[in-house]
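Comments concern the structure below.
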Amino acid sequence: MSISLNTCILILKEHHLLKSSAVQDTVATKMDYVSYDSRDIQTNTLFFCKGAGFRPTYLSMAKDNGAICYVAEQPYPEVLCHMFHLHTP
């Protein structure tokens with residue numbers, strides 16, 4: 001089951017879990033999977049960067065394995081390169 005990135009943004013905002021997004025074309029982008037584990041990624045995954053032990057290398061691994069969007073407290077410009085960033089409070 002796919003969900004649009006726009007719908008993901010609306011759900012996160014509705015629950016006060018999203019501060020801002022660096023996304024322009026949210027309607028056409030579809031998410032097919034959600035994960036917070038960089039070893040558990042499929043094509044078109046929405047990836048959540050979480051935990052005190054999080055490292056940018058995890059985001060890089062997720063991107064390499066099919067993640068197209070990530071949710072994090074801060075941007076990771078060294079990894080970004082055509083990934084969408086959703087900023088949490």
Side-chain angles (χ1 to χ4, degrees):
M1 178 177 146
S2 292
I3 186 170
S4 73
L5 182 54
N6 189 53
T7 300
C8 291
I9 290 170
L10 291 174
I11 291 168
L12 291 169
K13 283 185 176 180
E14 178 182 324
H15 294 281
H16 307 287
L17 298 172
L18 187 64
K19 182 175 180 180
S20 64
S21 64
V23 180
Q24 294 168 352
D25 183 18
T26 60
V27 176
T29 304
K30 300 288 184 193
M31 301 290 124
D32 296 321
Y33 196 69
V34 175
S35 181
Y36 59 86
D37 185 341
S38 59
R39 300 163 296 178
D40 179 32
I41 301 295
Q42 299 177 12
T43 303
N44 298 328
T45 293
L46 171 61
F47 182 69
F48 283 82
C49 305
K50 66 169 213 70
F54 182 79
R55 304 284 180 262
T57 53
Y58 302 152
L59 177 57
S60 185
M61 282 175 44
K63 178 184 173 247
D64 292 345
N65 290 322
I68 59 171
C69 183
Y70 70 97
V71 177
E73 291 180 343
Q74 65 185 45
Y76 291 96
E78 67 275 14
V79 178
L80 201 66
C81 187
H82 303 301
M83 285 190 83
F84 302 117
H85 169 237
L86 305 178
H87 183 213
T88 59

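Note: hydrogens, waters and symmetry copies are ignored here, and every other heavy atom, side chains too, is used.
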Shortest non-hydrogen contact from [X] toward [Y]:
X   : Y   : result
D40 : S35 : O-OG, 2.9 Å
C69 : L5  : SG-CD1, 3.7 Å
F47 : S38 : CE1-N, 3.6 Å
A67 : I41 : N-CG2, 3.5 Å
C8  : I3  : SG-CG2, 3.7 Å
A72 : C49 : CB-CB, 3.8 Å

Can you measure from NZ (K19) to CG (L12) and round to the nearest 0.5 angstrom?
15.0 Å

At what distance, to the nearest 0.5 angstrom, does CG of N6 lie from CD1 of I11?
10.0 Å

Y70 side chain to Y76 backbone, donor-acceptor under 3.5 Å:
yes

Going hydrophobic residue to hydrophobic residue with side-chain gaps under 4.5 angstrom, can you get from [X] over to [Y]?
X   : Y   : result
Y36 : I68 : yes
F48 : L10 : no
Y33 : M61 : no

